[in-house]
Amino acid sequence: MARSVESPQIISLTTILSLASTLAILLVGYLSSLRFLPASSTSKTRFLFVWHATNALIHFILEGSYLYNCFISSATLLEGKALGSEFLPAGVAFLGDHTRLYGAEYGTSPFSALWREYARADKRWGGSDLTVISLELLTVFVAGPMAVWICYGLAKKRADTSFWMIVLATGELYGGWMTFAPEWLSGSPNLNTDVWMYTWVYLFFFNTIWVWIPLWVLYDAYETITAALAQKSKGESGKKTR
């Protein structure tokens, strides 16, 4: 009698804790808006603040932990057991170290487990993919601080905040494109689209958030800037006719 093959567990404790961590960060972003924004702030301003605060926290905490795993978590590369990292070209070693493999796959912390969970959908995040690491360095050390600066600008009603939102939103869209375009152009060898959870929650939902909201931010910032320029132009025209 043939033995039945057990299907892999899709929703595990790690899955639940990973999703809960994202919700907790969102809650902190909202509570931060209550703490730092004036009570008279519009719903749009509050939404923009919560988005950028949550964005900054995700960049610092979650994506920062990804970089930590890439640079710190490692395992000895045993001769005869493996020839090198599957994410690097032949003969190329991350950090020039040909004796070790790096990434969340070799870590023991809860954040390592979180990224191993996401790596079920996109296995590049379990190792040391050079494109992903390069983008995440910019995300953590440039986009994160910029998002904090935008929150400060919204709280203080700085006139240049719309400009910085445009810069950050453009960077987010570029980062998303460069994360997935190499995959699509090579036949998506690292993406697992056989499981609905991985396709629609991990890959689609958690990545397209950084498409739809930045696009709306660009549109809103465009409207704000053009309205201000039109008002300025109208004022200057009024002065000339006097």
Side-chain angles (χ1 to χ4, degrees), residues 5-12 14-19 21-22 55 58-59 61-71 73-75 77 81-95 100-107 111-140 142-143 168-218:
V5 178
E6 294 185 4
S7 59
Q9 185 179 14
I10 303 303
I11 300 179
S12 63
T14 302
T15 306
I16 296 171
L17 293 177
S18 299
L19 297 175
S21 68
T22 305
N55 206 9
I58 287 176
H59 291 339
I61 298 173
L62 299 185
E63 290 164 292
S65 72
Y66 167 77
L67 288 180
Y68 176 87
N69 277 289
C70 288
F71 285 92
S73 300
S74 65
L77 180 59
K81 296 290 185 180
L83 299 177
S85 173
E86 61 181 306
F87 306 108
L88 301 173
V92 175
F94 183 59
L95 302 178
R100 306 190 71 81
L101 295 173
Y102 290 85
E105 187 67 33
Y106 314 104
F111 286 111
S112 300
L114 180 150
W115 286 111
R116 283 197 297 272
E117 175 66 25
Y118 184 77
R120 292 184 178 188
D122 185 344
K123 64 182 180 180
R124 292 176 298 170
W125 297 83
S128 53
D129 183 89
L130 297 182
T131 299
V132 174
I133 293 174
S134 299
L135 290 170
E136 289 302 335
L137 285 169
L138 287 174
T139 298
V140 174
V142 178
L168 180 56
T170 303
E172 300 279 12
L173 291 170
Y174 174 78
W177 172 258
M178 289 305 299
T179 297
F180 287 102
E183 272 298 291
W184 298 330
L185 293 173
S186 58
S188 302
N190 296 302
L191 304 184
N192 180 1
T193 57
D194 295 331
V195 179
W196 70 267
M197 180 79 171
Y198 303 156
T199 302
W200 297 107
V201 179
Y202 290 5
L203 294 175
F204 183 82
F205 178 74
F206 280 113
N207 285 286
T208 58
I209 286 177
W210 273 269
V211 175
W212 310 127
I213 296 181
L215 283 174
W216 177 79
V217 169
L218 286 174

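The chain is numbered in sequence order, starting from 1.
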Margin query: Distance alone, cut at 3.5 Å: any donor-acceptor contact between the side chains of Asn55 and Trp210?
Written below: yes
Item checked: Neighbour count above 12 (heavy atom, 6.0 Å) for Trp216 CH2 -> yes
Check: Mind checking what makes side-chain hydrogen bond (donor to acceptor under 3.5 Å, both in side chains) contact with Asp129, not counting sequence neighbours?
Finding: none
Check: Atom CZ of Phe94 and atom OG of Ser128: how far apart are they, to the nearest 0.5 Å?
Finding: 6.0 Å
Notebook entry, point to check: How close do Leu114 and Ser21 get, heavy atom to heavy atom, and via which atoms?
Noted result: CD1-OG, 3.9 Å
Margin query: So Tyr198 and Thr193, do their side chains get closer than 4.5 Å, heavy atoms only?
Written below: no
Check: What are the two closest non-hydrogen atoms of Gly175 and Leu135, and how far apart are they?
Finding: O-CD1, 3.7 Å
Check: Shortest non-hydrogen contact from Glu172 to Pro214?
Finding: CB-CG, 4.1 Å
Next item on the list: Please check if atom CZ in Phe71 has more than 12 non-hydrogen atoms from other residues, nucleotides or ligands closer than 6.0 Å.
Entry: yes
Margin query: For Tyr66, give me all partners under side-chain hydrogen bond (donor to acceptor under 3.5 Å, both in side chains), at least two apart in sequence or on another chain.
Written below: none
Notebook entry, point to check: Any side-chain heavy-atom pair from Tyr202 and Thr15 closer than 4.5 angstrom?
Noted result: yes
Margin query: Let me confirm one number: the CG-CG distance from Asp122 to Asn190, rounded to the nearest 0.5 Å.
Written below: 6.0 Å
Check: In chain order, what residues pass the side-chain contact (heavy atoms from CB on, under 4.5 Å) check against Ala75, with sequence neighbours excluded?
Finding: Tyr106
Item checked: Inter-residue atom distance Leu67.CG - Leu62.CG, 0.5 Å rounding -> 11.5 Å
Margin query: Please determine whether the number of non-hydrogen atoms from other residues, nucleotides or ligands lying under 6.0 Å from atom CH2 of Trp184 exceeds 12.
Written below: yes
Checklist line | Ser112: side-chain hydrogen bond (donor to acceptor under 3.5 Å, both in side chains) partners, not counting sequence neighbours | finding: Asn69, Ser109
Check: Which heavy-atom pair separates Thr139 from His59 by the least distance, and what is that distance?
Finding: CG2-ND1, 3.1 Å
Margin query: Would Leu203 and Asn192 count as a side chain to side chain contact (heavy atoms under 4.5 Å, CB included) here? Give the steps.
Written below: CA-CA 9 Å; Leu203 294 175; Asn192 180 1; 6.0 Å; no
Next item on the list: Dump the intermediate steps for side chain to side chain contact (heavy atoms under 4.5 Å, CB included) on Met197 and Arg120, then the final yes or no.
Entry: CA-CA 10 Å; Met197 180 79 171; Arg120 292 184 178 188; over 6 Å; no
Next item on the list: List in chain and number order the residues that pass side-chain contact (heavy atoms from CB on, under 4.5 Å) with Ala119, two or more places apart in sequence or in another chain; answer none if no residue qualifies.
Entry: none
Note to self: Is any side-chain heavy atom of Thr179 closer than 4.5 Å to one of Thr131?
What the structure shows: no
Check: Taking all non-hydrogen atoms of both residues, which atom of Asp194 and which atom of Thr199 are closest, and how far apart?
Finding: N-OG1, 4.3 Å
Next item on the list: Without swapping roles, check the side chain of Arg116 against the backbone of Gly107 for a donor-acceptor pair under 3.5 Å.
Entry: yes
Notebook entry, point to check: Under the ring-ring contact (aromatic ring centres under 6.0 Å, His included) test, which residues partner Phe204, sequence neighbours left out?
Noted result: Trp200
Notebook entry, point to check: Below 4.5 Å, heavy atoms only, C-beta onward: do Trp125 and Val132 meet side chain to side chain?
Noted result: yes
Margin query: Let me confirm one number: the CD-CZ distance from Glu183 to Arg124, rounded to the nearest 0.5 Å.
Written below: 4.0 Å
Notebook entry, point to check: Does Phe206 reach the side chain of Thr22, with side-chain heavy atoms less than 4.5 Å apart?
Noted result: yes
Checklist line | Arg100 to Ser74 - nearest heavy-atom pair and separation | finding: NE-OG, 2.7 Å
Check: Given side chains that start at C-beta, do those of Ser18 and Tyr118 come closer than 4.5 Å, heavy atoms only?
Finding: no
